[in-house]
Q: 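Below you'll find the structure I mean.
Reminder, nothing fancy here: chain letters follow the sequence lines and each chain counts from 1. Just so you know, these numbers use all the heavy atoms, side chains as well, and skip hydrogens, waters and symmetry mates.
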4 protein chains.
Amino acid sequence: MATTKTPPDANRRSERSRRAILEAALELTGETGYQRLTIEAIAARAGVGKQTIYRWWPSKAAVLLDAFVALGEDAAEGHHELPDTGDLEADLKTVLRATVDELNSPRYDAPSRALAAESIANPDLCAQFTRAVLEPQLQLYVTRLRAAQEAGQADPDVDPRIALELLVGPLAHRWMLRTQPLTHAYADSVVEITLRGLTPR
Amino acid sequence: MATTKTPPDANRRSERSRRAILEAALELTGETGYQRLTIEAIAARAGVGKQTIYRWWPSKAAVLLDAFVALGEDAAEGHHELPDTGDLEADLKTVLRATVDELNSPRYDAPSRALAAESIANPDLCAQFTRAVLEPQLQLYVTRLRAAQEAGQADPDVDPRIALELLVGPLAHRWMLRTQPLTHAYADSVVEITLRGLTPR
Amino acid sequence: MATTKTPPDANRRSERSRRAILEAALELTGETGYQRLTIEAIAARAGVGKQTIYRWWPSKAAVLLDAFVALGEDAAEGHHELPDTGDLEADLKTVLRATVDELNSPRYDAPSRALAAESIANPDLCAQFTRAVLEPQLQLYVTRLRAAQEAGQADPDVDPRIALELLVGPLAHRWMLRTQPLTHAYADSVVEITLRGLTPR
Amino acid sequence: MATTKTPPDANRRSERSRRAILEAALELTGETGYQRLTIEAIAARAGVGKQTIYRWWPSKAAVLLDAFVALGEDAAEGHHELPDTGDLEADLKTVLRATVDELNSPRYDAPSRALAAESIANPDLCAQFTRAVLEPQLQLYVTRLRAAQEAGQADPDVDPRIALELLVGPLAHRWMLRTQPLTHAYADSVVEITLRGLTPR
DNA sequence: GGCTAATCGAGACGGTACGTCTGGTCTTTGC
DNA sequence: GCAAAGACCAGACGTACCGTCTCGATTAGCC
């Protein structure tokens, strides 16, 4: 009993429409916010029928996720690993400061918040988001931290997955709840305290 | 000539209706999730006119916030400070383990996620949420950490506001993005690493 | 089992409020039309609680009927019989021309139309309207026509109730459906043809 | 820059929905009366979205007018002229008796009263109603009366438009205000008196 | 001249329907 | 032979009024 509906033929898909939809989604998210973003508005802005969106994406969150991934790919351009100068503290500060800047940049803020909000409430989208965007980022930390452990600069008994969360968790917390301003100084403090906690015994 | 609309008279407010609304909001959030939660359904479940909700709350998120605050007040019952046995590590583990349990409990999970999701996208609600729910909790950490600093158990140069975020940020991160299971062991690890970072020099 | 609800004590009724309500009803009917007329607006305009209206009238139509009666009483001022100069045709033309003028006057038009519209759909109000406003007017015709019959100026075999409707029916028809302009010339024609039909045989 | 809102494409209109809406409107008007008739109830009964009604009609009165026109078209079936047996009086009695029967029939009574009531208060609808329903009927009288004038059976100086109103005006008056029962005998009397008034001089 | 009871202005309440908006599906049409 | 355009069913939105109710704060009228 698997009549799930004939899936569309991906070969015939219009690349022009796909791009227009993703671009429209990003623009409208920036202009009016995610809550007020509607599929109809995206279709109208992209000059596309609504069905063309429903055919290829299950929800407006999925559209935005794809749009965000595309945005990230444009920007990533080779940042496929964390810097490794040998000085872990300096490297982490560099990275976390860049993260702070990104979280503070309006270009990323609106879609990021939208996706984060959806992810909290929607486990499916959360899984996709994690897999497509977050996990690759986090793996970079794991790699760098493991290198540091091997170099004797960090306690090898500490799980890098946990260490990494001590670094990004506090930043995410401030960004999300706006309890305090998100600054380079804050990033530095987080790195310093965490690294003291990771000192080899 | 600035009064746009006479505000309702709070003295004549029906306590019965207020309670019924908050209760219905919590129930329905648990049953169908926040996205599918509608003002009409709350009104119907509470046996109340829609206008009675619109009269006193600006949005369904605000209703849920009040409901959550009420829920918290029932549960708090004197937990108005963190334990202080003299052993900071043990005390923090106790508290963070309790937090883990709470975040894993279905009773709190649905409304918490709803409010967190809304807060990310909606700064006004976020401010209210922070003031009413979060900040009082965080202040308890500040108090306990300062006591530890004065007792010479923690580095007095570290801002307690930052230290606290190293504790709760990672938990929030995991809860939010479901990257890994949220366990007592994880809470313990976070406490241990963070406290090593706070050791008096 | 006749506990129908204690009726209000008419002695203690506030004359000031009654007048204000009737006046407000007429004003608002003229300003926004009967459809958009609301009890709340009447109460607000009259500076009166809604209950004061509901206590004394069963519906907004009833309020307007009272208002219209009051309006008519001011204007009637002794027109309690039709003219009788001995010339039936001249007398009827005088009266029907006056009726035409009244139906064309904005002051009476709005409330008249409102009451007529309600009367068509609402038999109870219709009965009240007929009894209070219409029937007394029609009786004047009956009296005058009977006098003409006795004076040998009209066929005594014709029921005056029918004759009268041949006079006012066509005017009402034009007023109601706006098929043609309602003029003195039209009134004259109606009188002339009808009276020819009433000539004694 | 005058186009405020793209009008819907009439070619793509669903005939099935249109019919269902008109039928539901008639049924509900008969069941609960026009005042209690709601757009929501029509949509529900017709199995149709509310928007499908709002898309094609400006008001519930307009829906009912269309429904009434459709009803009339079904019933008309070739009655596109008045009978002409050569005996004007007999012919008019036949027609007016039929009109009396129609006005007394429950099937036509409820929607007729609704439309008449709306027409009194709403000039736009009145014009539509007159054009679509009333005027064609009245023209039949004009034609028949002119034939009688040419045959020397009626005074050629009397405007047929006025004569016709002497016939239908009184019936309308009684129907509307329920002052007396509306019977065949009444119709006969009206015809007799009016025709006496139209005797060629 | 105080007491009592009803009416008063005010407006919150449980409801119903409004007319609009959007979600997703289905149908038509034009390229 | 798609895909745009958009009509369709469905149902929530936030608003406006309905008619009922509960509040003090005036009034009456009876003792």
Q: For residues A/Leu125 and A/Ala62, report the shortest heavy-atom separation together with the two atoms involved.
A: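 Heavy-atom minimum between the residues: CD1-N, 3.9 Å.
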
Q: With respect to the phosphate group of E/dG23, does any side-chain polar atom (N or O) of A/Trp57 fall under 4.0 Å of OP1 or OP2?
A: no

Q: Could you check whether atom CZ of C/Arg19 has more than 12 heavy atoms from other residues, nucleotides or ligands sitting under 6.0 Å from it?
A: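 It does not: C/Arg19 CZ has 12 such atoms or fewer within range.
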
Q: What one-letter contact string describes nucleotides 9-17 of chain F from 5' to 3', where B marks a base within less than 4.0 Å of any protein heavy atom, S marks contact via sugar-phosphate atoms alone, and - marks no contact?
A: SB-BBBB-S

Q: Looking at C/Lys60 and C/Glu40, is there a salt bridge between them, counting it only when a charged N and a carboxylate O are closer than 4.0 Å?
A: no

Q: Measure the distance from CD on B/Gln35 to P on E/dT22 and round it to the nearest whole Å.
A: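 Distance check: B/Gln35 CD to E/dT22 P gives 16 Å.
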
Q: Looking at C/Ala25, is its backbone amide N or carbonyl O close enough to the side chain of C/Thr29 to form a donor-acceptor pair, meaning the two atoms are under 3.5 Å apart?
A: yes

Q: If the threshold is 4.0 Å, N to carboxylate O, is there a salt bridge linking A/Arg113 and A/Glu118?
A: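 No salt bridge links A/Arg113 with A/Glu118.
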
Q: Expressed as a whole number of angstroms, how long is the span from A/Leu28:CG to E/dT22:P?
A: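 Rounded to the whole Å, the gap is 12 Å.
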
Q: Looking only at non-hydrogen atoms, find the nearest pair between D/Val133 and D/Leu65 and report the distance.
A: CG2-CD1, 4.2 Å

Q: For E/dC8 and C/Trp56 - does any side-chain N or O of the residue sit under 4.0 Å from the phosphate oxygens OP1/OP2?
A: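 Indeed, a polar side-chain atom of C/Trp56 lies that close.
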
Q: Base, backbone or nothing for each nucleotide of nucleotides 26-31 of chain F, written B, S, -, heavy atoms under 4.0 angstrom, 5' to 3'?
A: -BB---

Q: Where each residue is assigned the nucleotide of DNA chain E containing its nearest heavy atom, which of D/Asp9 and B/Arg13 is assigned the position nearer the 5′ end?
A: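 Of the two residues, B/Arg13 wins.
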
Q: Assess whether side chain to side chain contact (heavy atoms under 4.5 Å, CB included) is satisfied between A/Arg18 and A/Trp56, documenting all intermediate values.
A: CA-CA 9 Å; A/Arg18 197 186 129 271; A/Trp56 301 109; over 6 Å; no

Q: Going by side chain to side chain contact (heavy atoms under 4.5 Å, CB included), name the residues that satisfy it together with B/Ser112, two or more places apart in sequence or in a different chain.
A: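 B/Ser112 satisfies side chain to side chain contact (heavy atoms under 4.5 Å, CB included) with B/Phe68, B/Tyr108, B/Trp175 only.
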
Q: What is the distance, rounded to the nearest whole Å, between atom CD1 of A/Ile53 and atom P of F/dG6?
A: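 Rounded to whole Å, this separation is 15 Å.
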
